[in-house]
**Student:** 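Below you will find the structure I want to go over with you.
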Amino acid sequence: WRTSVELNGNKIENAIIDSGTNVITGPNDQVKAVLDQLDGVWVEQSPDGTYQGRYSCQNPPNLHFTVAGQTFKLSSDAINFGYAGDKCFLAMGGTLGLNDWILGSPFMELGSVIFNYDTRR
C-alpha cells in the first residue's frame, strides 16, 4: 500500500507501508536530510555509504507523522532499534538506490493500520 505522509514536516509522496520491514527507510539523501533536522541525533555514515542516526537513550528525538491531517508521535520504544552503552540506534536509516520510502513496523505502531481493498485506501 502507498500513501502520502509528512515526517516531521517533510512531505513523503507514495510511501510504501510494509508490515514486513522492521525500520523506516528511504532514499539515502532524503533520510540524511531528516536526520540532520532531529535534535540530539548523531548522523553516522556506514562504510557502505548509508546514513543512520544514534541518540542518547535518555533523550529520544521527536519523530512524528502526519497522515490525513492527523499528527501521530512515534513512541520511544518504536524508534529504538537497539543500543550500545547509553547510545540508541534510531529505527530509521537510508538505503542506497531506493527511490521510495518504506514505512515499516515503527510506523505501524502508531495505531491501527487498515488496508481497505474495496476502496483501495
Side-chain angles (χ1 to χ4, degrees):
W1 288 94
R2 291 180 177 268
T3 189
S4 295
V5 300
E6 287 186 14
L7 171 57
N8 284 37
N10 297 282
K11 289 187 180 228
I12 300 173
E13 300 293 332
N14 293 314
I16 300 165
I17 300 174
D18 181 25
S19 62
T21 301
N22 292 330
V23 295
I24 296 167
T25 188
N28 201 43
D29 58 335
Q30 292 178 28
V31 168
K32 183 180 184 308
V34 171
L35 293 172
D36 284 341
Q37 295 173 352
L38 298 175
D39 289 334
V41 171
W42 297 277
V43 180
E44 297 178 343
Q45 189 173 23
S46 67
D48 69 359
T50 58
Y51 292 102
Q52 58 273 330
R54 292 175 66 175
Y55 59 94
S56 167
C57 296
Q58 305 304 317
N59 189 23
N62 180 18
L63 281 174
H64 58 274
F65 281 94
T66 302
V67 182
Q70 299 279 339
T71 300
F72 305 92
K73 181 181 177 189
L74 289 169
S75 71
S76 58
D77 288 338
I79 66 169
N80 183 336
F81 197 63
Y83 63 93
D86 64 345
K87 301 291 186 264
C88 286
F89 299 98
L90 191 62
M92 179 172 64
T95 301
L96 295 171
L98 188 64
N99 294 321
D100 296 312
W101 283 76
I102 300 174
L103 310 179
S105 58
F107 174 80
M108 297 182 83
E109 288 184 28
L110 292 173
S112 296
V113 176
I114 299 170
F115 299 107
N116 186 329
Y117 288 94
D118 293 333
T119 60
R120 301 193 54 79
R121 64 179 180 103

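The model shown is predicted, which means the values in this text are computed figures rather than measured ones. All residue numbers refer to positions in the sequence shown, counting from 1.
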**Student:** First locate atom CG of Leu90, then atom CH2 of Trp42, and finally report the distance between them rounded to the nearest 0.5 Å.
**Tutor:** 11.5 Å

**Student:** Distance check, rounded to the nearest 0.5 Å: Thr66 atom OG1 versus Lys11 atom NZ?
**Tutor:** 10.0 Å

**Student:** More than 12 heavy atoms of other residues, nucleotides or ligands under 6.0 Å from CG of Asp29: is that the case?
**Tutor:** yes

**Student:** Taking atom types as modelled and ignoring hydrogens, do the side chains of Thr21 and Asp18 form a donor-acceptor contact shorter than 3.5 angstrom?
**Tutor:** yes

**Student:** Looking at side-chain heavy atoms only, is the closest gap between Ile24 and Leu74 below 4.5 Å?
**Tutor:** yes

**Student:** Please examine the side chains of Asn22 and Ser105, heavy atoms only from C-beta on, and report whether any two atoms are closer than 4.5 Å.
**Tutor:** yes

**Student:** Taking atom types as modelled, is there a side-chain donor on Ser46 or Asp48 under 3.5 Å from an acceptor on the other?
**Tutor:** yes

**Student:** If I take atom OG from residue Ser4 and atom CG from residue Asn14, how far apart are they, to the nearest 0.5 angstrom?
**Tutor:** 5.5 Å

**Student:** If you define the side chain from C-beta out and look only at heavy atoms, does anything of Thr95 sit under 4.5 Å from Thr50?
**Tutor:** no

**Student:** Indicate yes or no: at least one non-hydrogen side-chain atom of Trp101 is less than 4.5 angstrom from one of Val5.
**Tutor:** no

**Student:** To the nearest 0.5 Å, how far apart are CG in Asn62 and NE2 in His64?
**Tutor:** 6.0 Å

**Student:** Look up atom NZ in Lys32 and atom CD in Glu44, then write down how far apart they are to the nearest 0.5 Å.
**Tutor:** 12.0 Å

**Student:** Tell me, do Pro60 and Asn80 make a side-chain contact under 4.5 Å, heavy atoms counted?
**Tutor:** no

